[in-house]
Number of protein chains: 2
Amino acid sequence: MKYSSSKENYIKAIFHLQRSSENVSTNALANALQTKPASVTDMLKKLKEQKILQYERYKGVRLTAEGKKIALLIIRKHRLWEYFLVEKLQFGWEEVHEIAEELEHISSKKLIDRLDDFLGNPRKDPHGDPIPDANGKMPVLQQISLDAIELNKPMEITGIGNQTPELMELLQRTNIKIGSKLEVKKKFSFDNSLEIKMRNAAPFIISQFLAKNLLVNDEE
Amino acid sequence: MKYSSSKENYIKAIFHLQRSSENVSTNALANALQTKPASVTDMLKKLKEQKILQYERYKGVRLTAEGKKIALLIIRKHRLWEYFLVEKLQFGWEEVHEIAEELEHISSKKLIDRLDDFLGNPRKDPHGDPIPDANGKMPVLQQISLDAIELNKPMEITGIGNQTPELMELLQRTNIKIGSKLEVKKKFSFDNSLEIKMRNAAPFIISQFLAKNLLVNDEE
DNA sequence: TAAAAAATTTAGATTTACCTAAATTTATTT
DNA sequence: AAATAAATTTAGGTAAATCTAAATTTTTTA
Ligand SMILES: [Mn+2]
Ligand SMILES: [Mn+2]
Ligand SMILES: [Mn+2]
Ligand SMILES: [Mn+2]
């Protein structure tokens, strides 16, 4: 089966949203897809027909097993293309998402499997997110929010939560990147801000909100 | 400006067709695009509105300068992606066209220019066709049909005319490839067939029709 | 628990890219 | 130059993916 780009975008958005909420609401989807709730309702009815999701009106949606399988393939394509753009074409990690948003809809399965091999079967994309394998299995990386770790323990940034341009902007300013090594030196109880120290740089303070959006590896 | 995949396919098809005929006919386009003449007429009216082509009803079409510029960019993308698939992902040159037919519609200009550099700015695609540069200039390769060359002069196959699966099949059987070195030993006036000799192989005979579809370099 | 507010769906349109069948125009034959 | 054939366009639809405005259902609040 082959699905339109529009349908694939819906399937992927539902997949991501259903990890943080039981059933995914019409409004949440409309917001994620930059569209109107009425349009979402229309599409949900079509996707239900195709058994890609379970949907009862006014009750929100969940993907079926089939739906999840499709979502994981799209995510695989998205992340492999992002990796290609950064590693082979020298793009900055903040500019690849939009292009991958188009490339993820190229249909050839053989293409993506060959690309995977060409790239050396990477396990994480440039944002630190795990890349599903050819069977749709996604490695579970034990990532933990920087906000929750012990003091003075060396850590590596392996991912970021909310991937908005606003966060990107702040990361550039503070020079924090995927792969940066750092440790938390102190937590200030006044506003829960954290003092962090990166290798070869003076210590500085970041907000709790930012810390919650920085993921570090637990072991490894 | 950004055009739909469908419009881009029309523009590219007109570009190719208008090299062999003054004005491109509705039927020729319908045939090339595997669609119906009535659909072509509809689309031509829209593309005329957008000043991409000159069209008067019952008289056929030609691209405007703007239309040609768009066509050359699409052809550039198509051929660079084909080169990538063959050279980096180990695809066979007969299986890349279909995938490139999708990849050519990815919109990022920066992506294609980076890809061009990554590939080492190739001048020909895997079928021997020239690749337009970032400004849309397409090198004119002096290619001449094998049917028209002198006897006993060493030549290299640099391109093929009609790129159908049928021709591909015959080429595989005869083991003729882009880059093959050969010379024409004799022409038979009975059916205009040619005896050719490839390096390290016994001479064999090919039809005039096949010879007309094999392009060789004139000088170089 | 009855209003009010929020979320969601339905109704009715629009745009794009197609289609078939019928009408029209152009080209080719007698 | 008619008549016939071929090419092309027009008329009238359809399906996908959107939208706005109005109706309905669910949730929250007073
Ligand atoms: Mn991304
Ligand atoms: Mn997308
Ligand atoms: Mn091609
Ligand atoms: Mn195409």
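Throughout, a chain's letter reflects where its sequence line sits, starting with A, and its residues are numbered from 1.
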Please determine if a side-chain N or O atom of [X] lies less than 4.0 Å away from the OP1 or OP2 oxygen of [N].
| X | N | value |
| --- | --- | --- |
| A:Arg57 | D:dT24 | no |
| A:Tyr58 | D:dA23 | no |
| A:Thr41 | C:dT9 | yes |
| A:Thr35 | D:dC19 | yes |
| B:Thr26 | D:dT9 | yes |
| A:Ser6 | D:dT18 | yes |
| A:Ser25 | C:dA7 | no |
| A:Tyr10 | D:dA16 | no |
| B:Lys59 | C:dT26 | no |
| A:Asn27 | C:dT8 | yes |
| A:Lys46 | D:dA17 | yes |

Between [atom2] on [N] and [atom1] on [X], what's the gap in Å once rounded to a whole number?
| X | N | atom1 | atom2 | result |
| --- | --- | --- | --- | --- |
| A:Lys48 | C:dT8 | NZ | C1' | 15 Å |
| A:Asp42 | C:dT15 | CG | C1' | 15 Å |
| A:Leu44 | C:dA7 | CG | P | 16 Å |
| A:Asn23 | C:dT8 | CG | P | 11 Å |
| A:Lys45 | C:dT9 | NZ | C1' | 7 Å |
| B:His105 | C:dT16 | NE2 | C1' | 16 Å |
| A:Leu47 | D:dA15 | CG | C1' | 15 Å |
| A:Leu29 | C:dT9 | CG | P | 10 Å |

Taking the basic N atoms (NZ, or NE/NH1/NH2) and the acidic carboxylate oxygens, is any pair closer than 4.0 Å for [X] and [Y]?
| X | Y | result |
| --- | --- | --- |
| A:Lys48 | A:Glu56 | no |
| A:Glu150 | A:Lys187 | no |
| B:Asp116 | B:Arg76 | yes |
| B:Asp42 | B:Lys46 | no |
| B:Glu101 | B:Lys12 | yes |

Output the single nucleotide from [options] whose closest atom is nearest the side chain of [X].
| X | options | value |
| --- | --- | --- |
| B:Lys36 | C:dC19, D:dT20, C:dA17 | C:dC19 |
| A:Met43 | D:dA17, D:dC19, C:dA17 | D:dA17 |
| A:Ala38 | C:dT10, D:dT9, D:dA17 | C:dT10 |

Query raised in the report: With a 6.0 Å cut-off on ring centres, are A:Phe91 and A:Tyr83 close enough?
Result: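 Ring-ring flag for A:Phe91/A:Tyr83: false, centres at least 6.0 Å apart.
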Report task. Would you mind classifying the nucleic acid contact of B:Tyr3 as base, sugar-phosphate or nothing, using non-hydrogen atoms under 4.0 angstrom? Result ->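 Answer is nothing: B:Tyr3 stays at 4.0 Å or more from every strand.
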